[in-house]
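Can you read through this structure? Questions will come right after.
Numbering of ligands and ligand atoms starts at 1, following listing order.
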Amino acid sequence: MDKGILLQRVSFAYHKNIAVLSDINYVIAKGDFVGISGINGSGKSTFTYLLNGIIPHQIAGILDGRILVDGRDTQTAKTADIATKVGLVFQNPDLTLFNLTVEEEIAFGLTNLKYPDIGRRVKEALKMVAIKGFEKKDPQSLSVGEKQKVSLAAVLAMDTDYIILDEPTAMLDYKSSVELYKILRELNRRKKTIIVVEHDTDFLWKFSRQIMILDQGRIKTTGNTKEILSKFDLLDSLGIKRPNINF
Ligand SMILES: Nc1ncnc2c1ncn2[C@@H]1O[C@H](COP(=O)(O)OP(=O)(O)OP(=O)(O)O)[C@@H](O)[C@H]1O
Ligand SMILES: [Mg+2]
């Protein structure tokens with residue numbers, strides 16, 4: 001498979017004998033909009049690290065199986081190759097914000113990877129997340145929600161084909177959350193593949209096409225969003241919120 005992300009028999013442990021993800025077989029089709037859910041500690045964030053090569057390149061552990069991004073094995077491909085294809089907005093934005101100004105923060109990855117038109121990209125990305133005028137601010141001085149928007153802008157500026165967001169609405173107010181999902185829908189219409197870790201099944205019901213639910217490091221169920229999220233008994237048993245299907 002040349003296009004898409006393919007995970008074959010993937011298992012991962014941060015420490016020996018403590019499997020965090022087990023026997024993950026999964027395909028993310030290019031152009032899809034995928035929601036990932038599951039209770040705290042089920043392995044969602046760890047799963048996102050597999051998709052952009054952070055595991056194994058930056059985070060140590062025991063990794064088995066194969067992860068292919070557009071046919072390239074993340075374990076052997078250059079980190080920069082994967083970084084230009086897969087962008088990740090972390091659950092905790094403090095992990096990625098270390099520059100002196102918002103502008104430098106967003107330009108950082110672009111400069112490292114020698115992108116053209118950096119000034120224009122930074123400007124457009126800030127406009128998309130509606131924090132224009134923040135250019136000269138110190139990222140550390142921002143609220144958590146604003147920091148998250150800066151992290152998202154940094155990923156948007158890279159214009160990657162795959163965009164992963166780990167619980168992007170956890171710290172956002174309702175209005176910002178809806179705006180974010182509208183941005184994601186628009187990006188998806190422009191052929192970007194969106195993968196979002198989300199507890200709020202209302203947003204998944206409305207915006208995602210496919211869904212995957214993790215439970216203790218294993219894929220519990222996966223398929224069409226409306227089909228899966230209509231199984232209220234299953235959601236109840238997994239500790240996942242029933243969606244408001246009129247949303
Ligand atoms: N750096 C690490 N070193 C060791 N164990 C870790 C590390 N990061 C996560 N874990 C463990 O891996 C398991 C899965 O964690 P992960 O962060 O992937 O879950 P999650 O589904 O994203 O949870 P949450 O909903 O709270 O964000 C947890 O048991 C956690 O304690
Ligand atoms: Mg997490």
Side-chain angles (χ1 to χ4, degrees), residues 5 7 9-26 28 33-65 67 69 74-75 79 82 86-98 144-145 147-152 154-155 162-172 176-177 180-181 184 194-205 207-208 210-223 225 228-229 234-243:
I5 301 180
L7 295 101
R9 297 188 303 276
V10 176
S11 296
F12 180 74
Y14 290 97
H15 302 290
K16 217 171 142 188
N17 299 329
I18 311 176
V20 168
L21 291 170
S22 307
D23 197 27
I24 303 286
N25 293 289
Y26 197 61
I28 297 169
F33 195 136
V34 183
I36 296 171
S37 211
I39 60 168
N40 296 140
S42 55
K44 304 178 299 295
S45 293
T46 307
F47 178 82
T48 67
Y49 305 152
L50 292 172
L51 308 181
N52 72 342
I54 294 188
I55 291 177
H57 296 290
Q58 269 110 306
I59 296 179
I62 304 117
L63 174 63
D64 285 314
I67 303 123
V69 175
T74 58
Q75 292 178 70
T79 328
I82 303 296
V86 186
L88 170 62
V89 182
F90 284 84
Q91 184 169 6
N92 175 0
D94 283 326
L95 294 178
T96 38
L97 302 176
F98 47 84
V144 183
K147 284 180 182 175
Q148 220 157 22
K149 289 182 182 183
V150 173
S151 308
L152 173 62
V155 166
Y162 300 89
I163 300 171
I164 310 167
L165 302 99
D166 191 354
E167 297 195 25
T169 62
M171 294 293 172
L172 296 186
S176 297
S177 301
L180 169 74
Y181 270 96
L184 297 181
I194 308 292
I195 301 147
V196 58
V197 175
E198 179 64 77
H199 285 291
D200 190 329
T201 45
D202 289 352
F203 288 117
L204 295 182
W205 178 269
F207 292 95
S208 77
Q210 295 289 317
I211 201 166
M212 186 256 260
I213 297 179
L214 282 170
D215 184 47
Q216 295 184 50
R218 291 178 186 273
I219 296 180
K220 187 73 183 187
T221 183
T222 178
T225 296
I228 304 276
L229 290 184
L234 173 70
L235 299 183
D236 291 350
S237 74
L238 291 170
I240 291 170
K241 187 180 101 121
R242 296 178 180 193

Check salt bridge (charged side-chain N to carboxylate O under 4.0 Å, His left out) between D64 and all other residues, then give those that pass, not counting sequence neighbours.
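Here no residue qualifies.
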Applying salt bridge (charged side-chain N to carboxylate O under 4.0 Å, His left out), can you list everything that pairs with K220, at least two apart in sequence or on another chain?
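None.
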Side chain proximity check, V34 to I194, heavy atoms < 4.5 angstrom
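Side chain of V34 against side chain of I194, heavy atoms only: no contact under 4.5 Å found.
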Between Q210 and T225, does the side chain to side chain donor-acceptor pair (under 3.5 Å) criterion hold? Intermediate values first, please.
CA-CA 5 Å; Q210 295 289 317; T225 296; over 6 Å; no
What is the nearest protein non-hydrogen atom to atom 26 (O) of ligand 1, stated with its residue, atom name and distance?
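Checked against all protein heavy atoms, atom 26 (O) of ligand 1 sits closest to N40 ND2, 3.3 Å.
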Heavy atoms, side chains only, cut-off 4.5 Å: are L165 and E198 in contact?
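L165 does not reach E198 side chain to side chain.
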Please name all residues satisfying ring-ring contact (aromatic ring centres under 6.0 Å, His included) with Y181, sequence neighbours left out, ordered by chain then number.
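With sequence neighbours excluded, Y181 shows a ring-ring contact (aromatic ring centres under 6.0 Å, His included) to F203, F207, given in chain and number order.
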Pairwise side-chain contact, L51 with L88, heavy-atom cut-off 4.5 Å (strictly under)
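Sidechains of L88 and L51: no contact.
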Single hit among L21, V10, T74 for side-chain contact (heavy atoms from CB on, under 4.5 Å) with L63:
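Single pass found, and it is V10.
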Identify the closest protein heavy atom to atom 17 (O) of ligand 1: which residue and atom is it, and at what distance?
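Of every protein heavy atom, S45 CB, 3.7 Å lies nearest to atom 17 (O) of ligand 1.
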Starting from atom 25 (O) of ligand 1, find the nearest protein heavy-atom neighbour and note its residue, name and distance.
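Of the protein heavy atoms, K44 NZ, 2.7 Å lies nearest.
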I'd like to know if D166 and K44 make a salt bridge, using a cut-off of under 4.0 Å between side-chain N and carboxylate O.
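No salt bridge links D166 with K44.
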Among all protein heavy atoms, pick out the one at the shortest distance from atom 16 (P) of ligand 1; state its residue, atom name and that distance to 0.1 Å.
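Going by distance alone, atom 16 (P) of ligand 1 is nearest to T46 OG1, 3.6 Å.
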Starting from atom 23 (O) of ligand 1, which protein heavy atom do you reach first, and at what distance in Å?
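Nearest protein contact, heavy atoms only, for atom 23 (O) of ligand 1 is G41 N, 2.8 Å.
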Compute the shortest N/O to N/O distance between G43 and ligand 1 and return yes if it is under 3.5 Å, no if not.
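In this structure, G43 places an N or O atom under 3.5 Å from an N or O of ligand 1.
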Using 4.0 Å as the upper bound for N to carboxylate O, is an ion pair formed by R9 and D23?
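A salt bridge is absent here (no side-chain N lies under 4.0 Å from a carboxylate O).
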For atom 30 (C) of ligand 1, is the nearest protein heavy atom closer than 4.0 Å?
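No, no protein heavy atom sits under 4.0 Å from atom 30 (C) of ligand 1.
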When you compare ligand 1 with V20, is there at least one nitrogen or oxygen pair between them that comes in under 3.5 angstrom?
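The answer is no, given that V20 and ligand 1 share no N or O pair closer than 3.5 Å.
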If the cut-off is 4.0 Å to any non-hydrogen atom of Q91, which atoms of ligand 1 fall inside it?
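The atoms of ligand 1 under 4.0 Å from a heavy atom of Q91 are 27 (O).
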Give the numbers and elements of all ligand 1 atoms closer than 4.0 Å to a heavy atom of E167.
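Checking each atom against E167, I get 25 (O), 27 (O).
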What do you reckon, is CD of Q75 surrounded by more than 12 foreign heavy atoms closer than 6.0 Å?
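It does: Q75 CD has more than 12 such atoms within range.
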Atom CD in Q91, atom CD in E167: separation rounded to 0.5 Å?
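Separation between the atoms: 4.0 Å.
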Listing by chain and number, what protein N/O/S atoms are under 2.8 Å from the Mg ion (ligand 2)?
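Counting only protein N, O or S atoms under 2.8 Å from the Mg ion (ligand 2), the list reads S45 OG, Q91 OE1.
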Atoms of ligand 1, numbered as shown, that sit under 4.0 Å from any heavy atom of H15:
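Matching atoms, with element in brackets: 4 (C).
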Identity of the nearest option to atom 8 (N) of ligand 1, non-hydrogen atoms only, from F12, Y14, F47:
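Selected option, by shortest heavy-atom distance: Y14.
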